[in-house]
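Below is one structure, written out as structure tokens, with a few remarks after it.
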Amino acid sequence: MFTSLYLLLLVALALFSWIANVYGFMLVDGEVVPSLLSAESLRWFVRHCMQHIASAPFAVVLLVLMIVGVIRNVGLVQYFVSVFRKREFPQLSRKQRYALSISLGVLLVGVVWLIYGITPLGGNLLSISGEIAGGPFSRGWLFLLWLLVGVPCLVYGWVSGLWHTGKEMLGALSSELSRCSSYFVTFIVASQLMAALHYMGLFLWLGADWAIVVEVLLYGAPLAVCLYGDRG
């Protein structure tokens, strides 16, 4: 659905840019809106198409899918659904309670290490000036979140006997990658659509903040539908 929509938007943008170029619509910087159908634009897109894909937030999508995959496979989603919908706490076996206590201990160690790293006492995750902004934490927070969620979940699954081999653990991490494989086609089309919007200079009118909003919507909306849609 989203792939077809983005392709239609690309066609509409191409027609709009052609009309705007013919009638001499001006950008904020005084340049005429470039036509996406011109030979120069086509050469530019072909030359930079791989850069457009590389500059898209693939790493963010990958980590999100892995986090959701391990959470779903370890049974946390089903557990909290029972708590909030059925108003009951599912019974855990003795082995599961033991595994839960160990995984919570691992989580606690991770949280303490994280807090230590972003405080002046430790400062390992702060910038040179001692601030969170611009430091390792601000740039790698999603990876740290993946560690804080993924490692305790993997520990729980291993200790509780849910998984017995490393292959099963890797399968849990990659389960959403395979289920949402069609999303990556949409992802590639979205990267070209985002590049077209930048090439036409539309964000010179709207502002840089709107570029972030549009990017989040283009990549995030189909990902959310894939993750929370019907699991068949």
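All of these numbers come straight from a predicted model, not from anything done at the bench.
Partners of Glu215 under the side chain to side chain donor-acceptor pair (under 3.5 Å) rule, at least two apart in sequence or in another chain, do not exist in this structure.
Two rings, from Phe203 and Trp210, have their centers 6.0 Å or more apart. Ring centroids of Phe2 and Tyr183 are separated by 6.0 Å or more, keeping the two rings apart.
Nearest heavy-atom pair, Ala196 versus Leu13, reported as atom, atom and distance to 0.1 Å: CB-CD1, 4.3 Å. Listed here is the closest heavy atom pair of Ser127 and Pro136: N-CD, 4.3 Å.
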Q | Criterion side-chain hydrogen bond (donor to acceptor under 3.5 Å, both in side chains) on Ser181 and Ser178, from CA distance to verdict | A | CA-CA 5 Å; Ser181 57; Ser178 58; over 6 Å; no
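Counting heavy-atom neighbours within 6.0 Å of Leu8 CG, excluding the residue itself, gives a total above 12. At most 12 heavy atoms of other shown residues, nucleotides or ligands fall within 6.0 angstrom of atom CZ in Arg94.
A ring-ring contact (aromatic ring centres under 6.0 Å, His included) check over residues 145-178, counting only residues at least two apart or in different chains, returns the pairs Phe143-Trp146.
Between Phe45 and His52, the ring planes are perpendicular. Angles over 60° get that label, and only those under 30° would be called parallel.
Rounded to the nearest 0.5 Å, atoms CD (Gln51) and OG (Ser191) are 12.0 Å apart. Interatomic distance, Trp141 CH2 to Leu114 CG, rounded to the nearest 0.5 Å: 12.5 Å.
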